[in-house]
A.B. asks: 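The structure's right below; bear with me while I get my questions together.
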Amino acid sequence: MSDESNQPRSILIGVAWPYANGPRHIGHAAGANVPADVFARYQRLAGRNVLMVSGSDMHGTPITFVADQRGTTPRAVAEENHAIIADAFRRLGCSFDLYTTTLTENHYRVTQDMFLRLLERDFLFEQTAIAAFDPEAERFLPDRYIEGVCPHCGYRAARGDQCDNCGRTLDPFDLIEPRSRLSGATPIPRETTHYFLDLPKFSEPLTAWVESKKSVWRPNVGAFVLNWLREGLKPRAITRDLDWGVPVPVEGYEGKRIYVWFDAVIGYLSASIEWAERQGDPDAWKAWWDAEQDVDTIRSYYFIGKDNIPFHALIWPAMLLGYGGLELPFDVPANEFLTVGGQKISSSRSHTTDQLPWLHEALDLFDADALRYFLTINAPENRDTDFSWDEFLRRNNDELVATYGNAVHRVLRFIGARLDGIVPQPGELRDEDRDMLAQVDASFERAGDRLEKVRLRDGLTEAMALAHRLNRYLDVSEPWKRIKDDPERAHTSLWVSVQVIAALRTLTAPFLPFSAAKVHMYLGETSAFEALEWRPVEIPAGRTLGETAPLFRKLDDEELAALLDRLNPETMSAGEPEK
RNA sequence: GCCGACGUAGCUCAGCGGCAGAGCAAGGGACUCAUAAGCCCUUGGCCGGUGGUUCGAUUCCACCCGUCGGCACCA
């Protein structure tokens, strides 16, 4: 461990803001929420001052379209989905200090303040361009809401931004026979004026900054960002012809709104401010944001999917640079995608064919820790990883239940049955006992090192390795035999085993908080689970253990099939003819 | 088309200049405290292909093939 005084004290953890046009699927949790929460919980255990914020992104065109389809208001759509998403995150165990929305007065104020400051400092400019207007719906249309025939390949359902068939990037007016996906009308070109963020002005400072981050960031993130910088940054429109969003605080822009990607990233700042106000200490947010502070006392981490890299590693830093005085990201540990059958999970497509549940549905069926385990041990940290029910079932049964859950259970049950649940007095320690205990210290060190570097799946692997070592230690020590012919040996190995379980409780706490809290109880701990620290703690001999039960549920194929059937009765029902 | 990432054991994934790794699957063994769980051993790989750099390449470079992603108005 390095000198404590050099350790950053304030850790800001920003978690990607889910878009409230629908529920989120488990891929979102895999890419952002689970890793962020694991990291946050570890940092708290390590004694850091953690602020973890996020919220639902409530504005934007897609939400207004959903509202139109359902004959309701954008606000109603966004609030309904926000409720589902927020509840799912809560059940997943996400320990946000604040999970809010972009619909708050505070967020509007902070967003407009950012806008005006950038405008005042000449980082925004106005530009008039031709955009596609739907004369029937009386709306400007985003490119992807226009359909037509691809001029390159003749594909009939090409979108205005891209052809799904040949993959080429398109301009909506390239399309042959363009039509609005809203009304079917032929879109007409119409002039409209918008504000643009002058990204090219930030090219130099951003390049220098990104170069300085290369050793910390994951290679895929650095490579992606440098590629953008090499190709040259382009100005980016930050307002839209829309009535659902943060108003543009400039005269003549009454019919326009600030665009979602611009205001959503500001959410990290506005949520921090909202948190501080709720604490009754309105300036408290500055501990995580004031760049004037001693350089190494603040670190901000942004947990996102790879699709969000430009916003968090370029645009948001540019905005922060333009605003001035605010802390830039320390790391942007972007994850690749969770795929199903090797295919990207489409957020627009439902789970009817691929059997992938929404997050809230998955939590109806499975324990949060089982999901967190799978999503961490198979996390897409370096490349896309594949989700399948077979793998989920196997890892749950053969790893989580069999290795870790069983290690805990066999020891605690044995002490309960043979020793009245009282932690025995150890005799003299032998080499094998000392080795086992040395493994505990090594595990804290190694897992801590991995977690510090945001290598979360490696961190979890270290914790699981200790569970495996405990199983081996037990097989060698055989307390179930020694209890008959050498009780002191049995007592010693059981005492050692309890110490290892206490360590496993802490080591797994960031990853599997629900089961860790159970182990905490089983161990008869009276201190608060939340007060744990990232280090071994001795469970004294003579302690009476709490009631014990198996930590995890084993799944079998039939049960899994039945659960999925419940999820998706219409596509799973037997005898239903194909298509 | 341009840019990028990836391609490692049957499967899911690590490793990334110095004798190819883990888990699962497959085969064998000793045990029985435990959710028939756990432990030990074995089998299994031209590290996508071809060239190059190097004393040495799975690792670095180039090209090719394959998969996926991005290409700035989806967030």
Side-chain angles (χ1 to χ4, degrees), chain A residues 16-19 21 57 59-62 129 131-132 140-146 152 159-162 166-169 171-172 194 199 219-220 223-224 226-228 230-237 240-241 259-261 264-265 304-311 314-315 336-337 339 342-344 347-348 377-388 390-391 394-395 397-399 401-403 405-415 417-418 455 457-458 461 464-465 467-468 470-483 490 494 497 548-554:
Chain A
W17 288 54
Y19 194 53
N21 65 335
D57 181 359
H59 299 308
T61 312
F140 282 93
L141 295 171
D143 293 353
R144 57 170 24 212
Y145 283 92
I146 298 162
H152 300 104
R159 289 196 319 259
D161 56 342
Q162 192 171 33
C166 67
R168 268 182 252 253
T169 309
D171 183 278
H194 285 291
L199 279 173
N220 50 342
F224 187 92
L226 285 172
N227 189 37
W228 265 50
R230 237 191 333 269
E231 287 177 13
L233 296 177
K234 302 171 197 168
R236 212 161 157 128
R240 286 294 185 280
D241 292 284
Y259 198 43
V260 273
W261 68 254
V265 287
I304 59 170
K306 65 178 168 186
D307 52 337
N308 247 324
I309 290 173
F311 295 100
L314 285 174
I315 295 171
E336 303 288 305
F337 288 138
T339 60
Q343 298 294 306
K344 183 186 174 185
S347 49
S348 57
I377 203 71
N378 197 36
E381 285 181 3
N382 299 318
R383 58 169 166 178
D384 292 354
T385 60
D386 205 49
F387 176 89
S388 73
D390 281 350
E391 266 293 290
R394 187 194 72 67
R395 299 199 100 118
N397 290 354
D398 298 344
E399 296 179 10
V401 175
T403 302
N406 187 239
V408 172
H409 193 234
R410 65 195 296 205
V411 172
L412 299 185
R413 266 288 296 272
F414 190 84
I415 294 175
R418 304 296 190 85
R455 303 189 55 148
R457 62 188 290 166
D458 285 352
T461 300
M464 291 300 289
H468 171 68
L470 174 58
N471 279 320
R472 183 157 57 186
Y473 170 75
L474 285 165
D475 276 33
V476 171
S477 313
E478 300 181 303
W480 49 90
K481 280 186 185 168
R482 297 293 86 75
I483 198 80
L494 289 168
S497 299
T548 289
L551 270 186
F552 305 105
R553 208 156 42 94
K554 208 172 163 178

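In what follows, chains are A, B, ... by sequence order, proteins preceding strands, each numbered from 1. Since the model is a prediction, treat every value here as computed from it, not as a measurement.
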A.B. asks: What nucleic acid atoms does Val260(A) come within less than 4.0 Å of, heavy atoms only: base, sugar-phosphate, or nothing?
C.D. replies: sugar-phosphate
A.B. asks: Just so I know, are the side chains of Asp398(A) and Thr403(A) near enough to count as touching, which here means a heavy-atom distance under 4.5 Å?
C.D. replies: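 In short, these two side chains do not touch, never coming nearer than 4.5 Å.
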A.B. asks: Which of the following nucleotides, G4(B), U35(B), C40(B), is nearest to the side chain of Asn227(A)?
C.D. replies: G4(B)
A.B. asks: Can you check whether Arg457(A) has a side-chain N or O nearer than 4.0 Å to OP1 or OP2 of A14(B)?
C.D. replies: yes
A.B. asks: Asn378(A) side chain to Phe387(A) main-chain N or O, any donor-acceptor pair under 3.5 Å?
C.D. replies: no
A.B. asks: Name the pairing partner of G56(B), where a pair is Watson-Crick or G-U wobble with both distances under 3.5 Å, or state none.
C.D. replies: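 Pair assignment: G56(B) / none.
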A.B. asks: Write down the distance separating the C1' atoms in A25(B) and C64(B), rounded off to the nearest Å.
C.D. replies: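 Per the computed distance, 34 Å lies between those C1' atoms.
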A.B. asks: Please tell me which of the listed nucleotides, A37(B), C73(B), U35(B), lies nearest to the side chain of Asn406(A)?
C.D. replies: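 Nearest to the side-chain atoms of Asn406(A), counting from C-beta on, is A37(B).
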A.B. asks: How many Å lie between CG on Asn308(A) and C1' on C71(B), as a whole number?
C.D. replies: 16 Å
A.B. asks: Using a heavy-atom cut-off of under 4.0 Å over every strand shown, decide if Glu399(A) touches base, sugar-phosphate, or nothing.
C.D. replies: sugar-phosphate
A.B. asks: Among C39(B), C24(B), G69(B), find the nucleotide with the atom closest to the side chain of Arg394(A).
C.D. replies: C24(B)
A.B. asks: Counting side-chain heavy atoms from C-beta on, which of C40(B), A37(B), U32(B) comes nearest to Trp480(A)?
C.D. replies: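 Comparing C40(B), A37(B), U32(B) against the side chain of Trp480(A), the answer is U32(B).
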A.B. asks: Looking across every strand, which nucleic acid part, if any, lies under 4.0 Å from Ala402(A) by heavy atom: base, sugar-phosphate, or nothing?
C.D. replies: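 Counting heavy atoms under 4.0 Å across all strands, the contact made by Ala402(A) is with sugar-phosphate only.
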A.B. asks: When all nucleic acid strands are considered with a 4.0 Å heavy-atom cut-off, which category describes Asn378(A): base, sugar-phosphate, or nothing?
C.D. replies: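 Sugar-phosphate, no base atom in range.
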A.B. asks: Look at the side chain of Asp458(A) and decide which nucleotide, out of C3(B), A25(B), A14(B), has an atom nearest to it.
C.D. replies: A14(B)
A.B. asks: Is there side-chain contact between Phe311(A) and Ile304(A), with heavy atoms separated by less than 4.5 Å?
C.D. replies: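 No, too far: nothing below the 4.5 Å cut-off.
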A.B. asks: So what does Ile483(A) touch, heavy atoms closer than 4.0 Å: a base, only the sugar-phosphate, or nothing?
C.D. replies: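 If one applies the 4.0 Å heavy-atom cut-off, Ile483(A) turns out to touch nothing in the nucleic acid.
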A.B. asks: Need one value for Pro550(A): base, sugar-phosphate or nothing, where a base atom within 4.0 Å counts as base even if backbone is also close, heavy atoms only.
C.D. replies: base
A.B. asks: Please state the P separation for the pair G17(B) and G44(B) - nearest whole angstrom.
C.D. replies: 28 Å
A.B. asks: Need one value for Phe311(A): base, sugar-phosphate or nothing, where a base atom within 4.0 Å counts as base even if backbone is also close, heavy atoms only.
C.D. replies: base
A.B. asks: So what does Asp390(A) hit on the nucleic acid, given a heavy-atom distance under 4.0 Å: a base, only sugar-phosphate, or nothing?
C.D. replies: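 No contact at all - Asp390(A) keeps every heavy atom at 4.0 Å or more from the nucleic acid.
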A.B. asks: For a quick check of understanding: with a heavy-atom distance under 4.0 Å over all strands, which category does Gly232(A) fall into, base, sugar-phosphate or nothing?
C.D. replies: base
A.B. asks: Reckon Leu551(A) touches a base, only the sugar-phosphate, or nothing at all at heavy-atom distances under 4.0 Å?
C.D. replies: base
A.B. asks: Could you work out which one of C39(B), C24(B), U32(B) sits closest to the side chain of Asp398(A)?
C.D. replies: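 Closest of the options to the side chain of Asp398(A): C24(B).
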A.B. asks: Over all strands shown, is Phe552(A) touching base, sugar-phosphate only, or nothing at heavy-atom distances under 4.0 angstrom?
C.D. replies: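 Base, at least one base heavy atom under 4.0 Å.
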A.B. asks: Within the pair Arg413(A) and U35(B), is there a side-chain N or O less than 4.0 Å away from OP1 or OP2?
C.D. replies: yes
A.B. asks: Base, sugar-phosphate, or nothing for Trp17(A), non-hydrogen atoms under 4.0 angstrom?
C.D. replies: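 Trp17(A): no heavy atom of the nucleic acid under 4.0 Å.
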A.B. asks: I want to check one thing: is the phosphate of C40(B), taken as OP1 and OP2, less than 4.0 Å away from some side-chain N or O of Arg472(A)?
C.D. replies: yes
A.B. asks: Please classify the nucleic acid contact of Arg230(A) as base, sugar-phosphate, or nothing, using heavy-atom distances under 4.0 Å.
C.D. replies: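 Touches nothing.
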A.B. asks: Picking from C74(B), C39(B), G70(B), which would you name as closest to the side chain of His468(A)?
C.D. replies: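 Nucleotide nearest to His468(A)'s side chain: C39(B).
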A.B. asks: Without decimals, in angstroms, what is the distance between Ile146(A) CD1 and C73(B) C1'?
C.D. replies: 9 Å
A.B. asks: Measure from the side chain of Lys481(A), starting at C-beta and using heavy atoms only, and say which of C31(B), G38(B), A37(B) lies closest.
C.D. replies: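 The listed nucleotide nearest to Lys481(A)'s side chain is C31(B).
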A.B. asks: Looking only at atom C1', what distance separates C47(B) and G21(B), rounded to whole Å?
C.D. replies: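 11 Å, rounded to whole Å.
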A.B. asks: Of the nucleotides U35(B), C39(B), C31(B), which has the atom closest to the Glu478(A) side chain?
C.D. replies: C31(B)
A.B. asks: In terms of the nearest nucleotide of RNA chain B, which residue is placed more toward the 5' end: Gly405(A) or Trp228(A)?
C.D. replies: Gly405(A)
A.B. asks: Quick one: which of C40(B), U32(B), A72(B) gets closest to the side chain of Leu233(A)?
C.D. replies: A72(B)
A.B. asks: Are the side chains of Phe337(A) and Asp307(A) in touch, meaning some heavy atoms are under 4.5 Å apart?
C.D. replies: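 Of all side-chain heavy-atom pairs linking Asp307(A) with Phe337(A), at least one is under 4.5 Å.
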A.B. asks: Donor-acceptor pair, Tyr19(A) side chain versus His59(A) backbone, under 3.5 Å?
C.D. replies: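 Answer holds: yes.
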A.B. asks: Which whole-number value in Å describes the distance from Met464(A) CE to C39(B) P?
C.D. replies: 10 Å
A.B. asks: Any base atoms under 4.0 Å from Arg455(A), or only sugar-phosphate, or nothing? Heavy atoms, all strands.
C.D. replies: sugar-phosphate
